Student: 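I'd like to ask you about the structure that follows.
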There are 2 protein chains.
Amino acid sequence: MDHDDVVEAFQAYLRDHNLPVTRQRLEIAKVLLASARHLSVEELTEELRRRGQAVGLATVYRTIELLVRSGLVVVRDFEEGFKRFEPARDIPHHEHLLCTVCGTVTEFRDERLERTTTLLAEAHGYLRQRHRLVIYGVCAACRTGTTPS
Amino acid sequence: MDHDDVVEAFQAYLRDHNLPVTRQRLEIAKVLLASARHLSVEELTEELRRRGQAVGLATVYRTIELLVRSGLVVVRDFEEGFKRFEPARDIPHHEHLLCTVCGTVTEFRDERLERTTTLLAEAHGYLRQRHRLVIYGVCAACRTGTTPS
DNA sequence: GTAATTGCAAATTCTTTGCACATAT
DNA sequence: ATATGTGCAAAGAATTTGCAATTAC
């Protein structure tokens, strides 16, 4: 599924739910679903303004909620004091590495963690539902002084 | 170290830093350091009021900051919209299991995770600093209907 | 046409801060 | 005595909500 397809999936979702397809909703979806980064509301709003497609903050929040309900976007909280949003793509579940210097987020998948966490939960009498792992560290670029950002 | 000792450690910290030992600081430390649960500011304030030792919200926040700086308390964010605070005890690092029904938090330690996360970080070019794992699930009590809370 | 959305501003929630008064050392 | 803490109320930051004007279908 490439970017355009995902935006179309959002349009389909809106139509299926008898929700109007508005300019704002499409612009927000285009930016958020095409983003390689984990965007904050501020970054998203800023990018829309840059494109000459400014959208009110309330609308941004309301549209993100729709994108989350449609399953196309996932909410992330890296304890920065605000949330970030990530296109769901087709990845069922993955972990995050967060560079504590530049804030870059790297995703990876590790099958073993699913099993490990299920066993850990069971060992303590819990029925596992999901888990969340964030590894904090310093990325290669920041370590070698090739600081991008 | 038992509860009283930890409260004394806080007093020692205050004295070492030439900070006044006040009734409020001691009451907050007593409640927070003795708690088996991960308290929120609201729960902590409520408990103080119940003990007839009501303390202003601002003071609670300011004292928690001192407890954190002294290393006796650790901040936790379970994405509930507010933070929780946990006595640091002597545990160097541990993971959390959060019951999605009753909110109970269970701690456990697993040495292998330290190694695993270091390797995962390295595999992606990161120098690991720390990690954070929360497993969400349903605890034994909630599953069997013996719901406490 | 009509129901839903938009955008602004006001409201909310958690947390922090300014300041007059109170307290520890 | 004097520096510091305390509590209240106001300020902040992120997010939500009410409502008149606007737009999709």
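Just so it is clear, the structure is predicted and the values come from calculations on it, not from any experiment. To find a chain, count down the sequence lines: A is the first, B the second, and so on, and within it residues start at 1. When reading the values below, keep in mind they use all heavy atoms of this one structure, side chains included, and skip hydrogens, waters and symmetry mates.
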Student: By nearest heavy atom, map A/Leu19 and A/Phe82 onto DNA chain D; which one lands nearer the 5' end?
Tutor: A/Phe82

Student: Once you round it to whole Å, what is the distance between P of C/dA24 and CG of B/Leu66?
Tutor: 16 Å

Student: So, is the end of the B/Arg76 side chain (NZ or CZ) under 6.0 Å from the ring centre of B/Phe82 and within 45° of the ring's axis?
Tutor: no

Student: If the threshold is 4.0 Å, N to carboxylate O, is there a salt bridge linking A/Glu27 and A/Arg23?
Tutor: no

Student: Please compare B/Leu57 and B/Arg23 by the position of their nearest nucleotide in DNA chain C and report the one closer to 5'.
Tutor: B/Leu57

Student: Report yes or no: do A/Gln11 and A/Arg25 form a side-chain donor-acceptor pair below 3.5 Å?
Tutor: no

Student: Out of B/Arg109, B/Arg132, B/His131, which residue meets the side chain to side chain donor-acceptor pair (under 3.5 Å) rule with B/His93?
Tutor: B/His131

Student: Take the protein atom CG of B/Asp16 and the nucleotide atom P of C/dT25, then report the distance between them rounded to whole Å.
Tutor: 13 Å

Student: Both B/Glu65 and A/Val55 contact DNA chain C. Which one's nearest nucleotide lies toward the 5' end?
Tutor: A/Val55

Student: So does B/Thr22 get a side-chain nitrogen or oxygen closer than 4.0 Å to the phosphate oxygens (OP1/OP2) of D/dT6?
Tutor: yes

Student: Is there a side-chain contact between A/Tyr61 and the phosphate of D/dT15, meaning an N or O under 4.0 Å from OP1 or OP2?
Tutor: yes

Student: Which part of the nucleic acid, if any, lies within contact of A/Arg25, taking any heavy atom under 4.0 Å across all strands shown: a base, the sugar-phosphate backbone alone, or nothing?
Tutor: sugar-phosphate

Student: Cut-off 3.5 Å, side chains only: do B/His38 and B/Glu43 have a donor facing an acceptor?
Tutor: no

Student: CG of A/Leu26 versus C1' of C/dT5: gap in Å, rounded?
Tutor: 13 Å

Student: Nearest to the side chain of B/Pro20, heavy atoms from C-beta on, is which of C/dG7, D/dG5, D/dC8?
Tutor: D/dG5

Student: Quickly work out the B/Glu79 CD to D/dA14 C1' distance and round it to whole Å.
Tutor: 15 Å

Student: If I take atom CZ in residue B/Phe78 and atom P in nucleotide C/dC14, what distance separates them, rounded to the nearest angstrom?
Tutor: 17 Å

Student: Specify the separation, in whole Å, of atom CZ of B/Arg62 and atom P of C/dC14.
Tutor: 19 Å

Student: Out of D/dT17, D/dT6, D/dA9, which nucleotide sits closest to the side chain of B/Gln24?
Tutor: D/dT6

Student: Take the protein atom CD of B/Glu80 and the nucleotide atom C1' of C/dT15, then report the distance between them rounded to whole Å.
Tutor: 16 Å

Student: Using whole Å, report how far CZ of B/Arg15 lies from P of C/dT25.
Tutor: 8 Å

Student: Report yes if at least one side-chain N or O of A/Thr59 is closer than 4.0 Å to OP1 or OP2 of C/dT5; otherwise report no.
Tutor: no

